[in-house]
Amino acid sequence: ILLDYYNAHPDTKLGGKILYWLAILDKKINEESLVMSARSFYLLSCMEKYSKDPIATDCFEAYNEDLEGHYWSKDKKEFPADVKERLKNLKQMINYK
């Protein structure tokens, strides 16, 4: 329903929140999956399209958390250089504090 609403009303001021909740729902539904494709798409779209909306911070934090789950292990708590750069650019784009 959320995706249908968003597709029917792409200019809605609720767009960032809808994308955030789509990502959260996708994570809950596909909890066992390590694939982040739909979730990443929603979170990145949220930050890119709604960078000035406060929800972009929530989208960044959810995205960062997903990346930690994907890249980090008990022995390694560091991202590859390209991921660090992507996160740095996203922080600047949304003015993350």
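Quick caveat: nothing in here was measured; it's all calculated off a predicted structure. Counting begins at 1 with the first residue of the sequence.
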Would you please name every residue forming a side chain to side chain donor-acceptor pair (under 3.5 Å) with Q92, sequence neighbours left out?
none

Set of ring-ring contact (aromatic ring centres under 6.0 Å, His included) partners for Y96, sequence neighbours left out:
F60

With side chains defined as the heavy atoms from C-beta onward, is the minimum distance between D66 and S40 less than 4.5 Å?
no

In Å, rounded to the nearest 0.5 Å, how long is the span from CE of M47 to OG1 of T57?
10.0 Å

List the steps, then state whether side chain to side chain contact (heavy atoms under 4.5 Å, CB included) holds for K97 with K91.
CA-CA 8 Å; K97 306 277 182 197; K91 282 181 179 180; over 6 Å; no

Can you name the ring-ring contact (aromatic ring centres under 6.0 Å, His included) partners of F79, sequence neighbours left out?
W72

Testing the basics here: between Y50 and A56, what is the closest heavy-atom pair and its distance to 0.1 Å?
O-CB, 3.5 Å

Reported CG-to-CG distance for the pair L43 and N64, which is rounded to 0.5 angstrom
11.0 Å

Please tabulate, for side-chain N and O atoms in residues 12-23, each donor-acceptor pair with protein atoms closer than 3.5 Å (sequence neighbours left out).
| from | atom 1 | to | atom 2 | distance (Å) |
| --- | --- | --- | --- | --- |
| T12 | OG1 | L14 | N | 3.2 |

With sequence neighbours left out, write down each residue that passes salt bridge (charged side-chain N to carboxylate O under 4.0 Å, His left out) with E61, or none if nothing qualifies.
none

How long is the gap from CG on D26 to CG on L3, to the nearest 0.5 Å?
10.5 Å

Under 3.5 Å: donor-acceptor pair, side chain of H9, backbone of Y5
yes

Approximate separation, where rounding is to 0.5 Å, of L44 CG and R39 CZ:
12.0 Å

What closest approach, in Å, do L67 and R86 show between heavy atoms, and which atom pair accounts for it?
CD2-NH1, 4.4 Å

Gap separating the CG atom of D58 from the SG atom of C46, nearest 0.5 angstrom:
8.0 Å

Look up atom CD1 in I94 and atom SG in C59, then write down how far apart they are to the nearest 0.5 Å.
8.0 Å

Got a donor-acceptor contact below 3.5 angstrom from the K77 side chain to the S73 backbone?
yes

Salt bridge (charged side-chain N to carboxylate O under 4.0 Å, His left out) involving K49 - partner list, sequence neighbours excluded:
none

Could you check whether K27 pairs with E65 (Lys NZ or Arg NE/NH1/NH2 to Asp/Glu carboxylate O, under 4.0 Å)?
yes

